[in-house]
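Since the structure comes first, as structure tokens, the remarks are kept for the end.
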Amino acid sequence: MPRPQTIQIFLPAGDPRGMRVAEITTRIIRVIEVPRSQLGEFIKTPEAQQVGVYFLLGELSEVGLPRVYIGQSGSVGTRLVQHNQSKDFWNRVMVVISLTNSMTQTHALFLEWFAISEATKAGRYSLENGNAGARPHTPAPLEADCHEIHETAATLLATLGQPIFEPLTNAPAFPGEKKELFYCKSSGADGVGEYTTEGFVVRKGSRGRVENVASIQGTSNERFRNQLITEGIMAAQDNMLVFARDHLFASPSMAAIALMGRSANGWLEWKNPQGKTLDEVKRQSVTVTI
């Protein structure tokens, strides 16, 4: 369960847009955020020579998700120099290290594998990794350490604006609370979704039509749907496209297009169990009192 925590963020150069160092004051894990333009400064620090896990972050994918590449190294600075030469998409990197320099290569390998798995489940980011990593043989005490490191790193990453592992939908605020769900049943679709503070989340298992209507063929909307398939977000099953996991869309309309294979106004296509549109429930209900 979430609990109060004290997090310290240090600005080495006094620039809030530059390098930032985040720590939970009672723990030994540190996350260092480094703009790509300041990589040369970072690799001169002692932390760059440590074992670490890192997250390369950059431009949006074609489905509107930020890209991330998750890796590990026995000398994280050296590895980042290599990525600076070979990978174009990223503009910032988050580096996870131990304040006591106690992280081993086995820790790092397990954390890389676990981070890729958890980021895939969360579905917030488009992973640039070509594979899921390899789970090393990890004794139970060391694995317990890794889970604590991951928990701390996840909190610090989210605090720095990168909620890579955060669930797309919030847990109920109290026992018995029911989610406010909306349904898309037009054009052969059978989708379930939730309107959140970040956009519109289509639930795992939602089903959409396979074919695109003629009017969107060759357009950005067709490329958008194809990219969802390429990235494994939707997969063909029983002549339908089925969502393999929860997925966040920037707008209700993009969520509806993904399911229906045609242009759509998601504010009108998504309806609650009583038949009211998302527009009626969420937009028209907002009034201004002067």
Side-chain angles (χ1 to χ4, degrees), residues 1-10 20-34 42 47-58 65-77 79-80 83 90 92-171 198 204 245-246 248:
M1 293 294 291
R3 59 185 182 278
Q5 300 183 74
T6 300
I7 294 175
Q8 174 180 284
I9 298 177
F10 173 59
R20 298 192 291 176
V21 181
E23 303 169 12
I24 295 177
T25 54
T26 56
R27 301 194 185 182
I28 64 169
I29 296 304
R30 168 179 288 172
V31 172
I32 305 172
E33 178 183 6
V34 184
F42 171 70
E47 289 85 351
Q49 311 310 315
Q50 291 191 31
V51 176
V53 180
Y54 59 86
F55 302 81
L56 301 178
L57 298 150
L65 296 180
R67 299 179 191 270
V68 63
Y69 178 91
I70 302 171
Q72 59 78 34
S73 176
S75 176
V76 69
R79 186 66 174 137
L80 292 177
H83 286 316
W90 64 284
R92 304 184 85 79
V93 61
M94 303 286 194
V95 180
V96 180
I97 60 164
S98 166
L99 285 170
T100 58
N101 202 7
S102 57
M103 194 184 298
T104 68
Q105 194 74 52
T106 304
H107 284 103
L109 286 167
F110 182 92
L111 287 164
E112 177 192 44
W113 166 80
F114 189 69
I116 293 171
S117 174
E118 292 299 292
T120 301
K121 290 177 187 176
R124 284 181 172 272
Y125 287 65
S126 177
L127 266 71
E128 293 292 303
N129 294 75
N131 55 62
R135 178 175 183 171
H137 172 70
T138 312
L142 191 147
E143 183 172 330
D145 289 344
C146 287
H147 284 293
E148 184 173 338
I149 292 169
H150 177 83
E151 177 192 348
T152 303
T155 299
L156 294 173
L157 288 166
T159 301
L160 291 170
Q162 303 294 344
I164 298 171
F165 308 108
E166 295 293 308
L168 289 173
T169 59
N170 295 324
E198 297 175 280
K204 177 182 177 180
R245 57 180 183 269
D246 292 352
L248 173 66

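Atom set for the values below is all heavy atoms of this structure, side chains included, hydrogens, waters and symmetry mates excluded.
Proximity of Cys146 to Leu142: side-chain heavy atoms (C-beta onward) are separated by under 4.5 Å at one or more points. Considering only heavy atoms from C-beta on, Gln5 stays 4.5 Å or farther from Thr26 through its side chain. The shortest distance between side-chain heavy atoms of Glu47 and Val95 does not fall below 4.5 Å. A heavy-atom distance below 4.5 Å is found between the side chains of Arg27 and Glu151. Side chains of Tyr54 and Arg79 form a contact here, defined as non-hydrogen atoms less than 4.5 Å apart. Contact annotation: the side chain of Phe55 approaches that of Val96 to within less than 4.5 Å [non-hydrogen atoms, C-beta and beyond]. By the 4.5 Å heavy-atom criterion applied to side chains, Ile7 and Glu23 are not counted as neighbours. Residues Leu57 and Ile164 form a side-chain contact, since some pair of their non-hydrogen atoms from C-beta on lies under 4.5 Å apart.
Less than 6.0 angstrom separates the ring centroid of Phe110 from the ring centroid of His147.
In this structure, the salt bridge (Lys or Arg N to Asp or Glu O under 4.0 Å) partners of Arg92, at least two apart in sequence or on a different chain, are Glu33. Scanning for salt bridge (Lys or Arg N to Asp or Glu O under 4.0 Å) contacts around Glu118 gives Lys121, with sequence neighbours left out.
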Under the side-chain hydrogen bond (donor to acceptor under 3.5 Å, both in side chains) criterion, do Thr100 and Ser98 qualify, and how do the steps go?
CA-CA 5 Å; Thr100 58; Ser98 166; 3.0 Å; yes
Stepwise, does the side-chain contact (heavy atoms from CB on, under 4.5 Å) test hold for Ile28 with Ser102?
CA-CA 9 Å; Ile28 64 169; Ser102 57; 4.0 Å; yes
Applying side-chain contact (heavy atoms from CB on, under 4.5 Å), run through Ile29 and Leu99 and close with a yes or a no.
CA-CA 6 Å; Ile29 296 304; Leu99 285 170; over 6 Å; no
Does His107 form a side-chain contact (heavy atoms from CB on, under 4.5 Å) with Asp145? I'd like the steps, not just the answer.
CA-CA 8 Å; His107 284 103; Asp145 289 344; 4.0 Å; yes
Please assess Ile32 against Val93 for the test side-chain contact (heavy atoms from CB on, under 4.5 Å), listing each intermediate value before the final yes or no.
CA-CA 8 Å; Ile32 305 172; Val93 61; over 6 Å; no
Would you tabulate the side-chain donor-acceptor contacts of residues 127-135 under 3.5 Å, counting partners in other chains and residues two or more places apart, or write 'none'?
unit_1: Glu128; atom_1: OE2; unit_2: Arg67; atom_2: NH1; d: 3.0
unit_1: Asn129; atom_1: OD1; unit_2: Ile70; atom_2: N; d: 3.0
unit_1: Asn129; atom_1: ND2; unit_2: Ile70; atom_2: O; d: 2.7
unit_1: Asn131; atom_1: OD1; unit_2: Gly133; atom_2: N; d: 2.9
unit_1: Arg135; atom_1: NH2; unit_2: Glu143; atom_2: OE1; d: 3.1
unit_1: Arg135; atom_1: NH2; unit_2: Glu143; atom_2: OE2; d: 3.3

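Taking all atoms of both residues into account, the shortest heavy-atom contact from Gly52 to Ile97 is CA-CG2, 4.4 Å. Nearest approach of Gln49 to Ser75, heavy atoms of both residues: OE1-OG, 3.8 Å. Here the closest non-hydrogen pair linking Ala22 and Leu160 is CB-CD1, 3.9 Å. For the residue pair Gly123 and Arg245, the shortest heavy atom distance occurs at CA-NE, 3.9 Å. When every heavy atom of Leu109 is checked against every heavy atom of Pro136, the shortest pair comes out as CB-CG, 3.8 Å.
Taking CZ of Arg20 as the reference point, atom CG of Leu156 lies at 11.5 Å (rounded to 0.5 Å).
No donor-acceptor contact under 3.5 angstrom links the side chains of Tyr69 and His83, judged on distance only.
Formation of a donor-acceptor pair under 3.5 Å by the Ser117 side chain with backbone atoms of Trp113 is not found in this model. Under the 3.5 Å distance criterion, the side-chain polar atoms of Arg124 are left unmatched by any main-chain donor or acceptor of Ala119.
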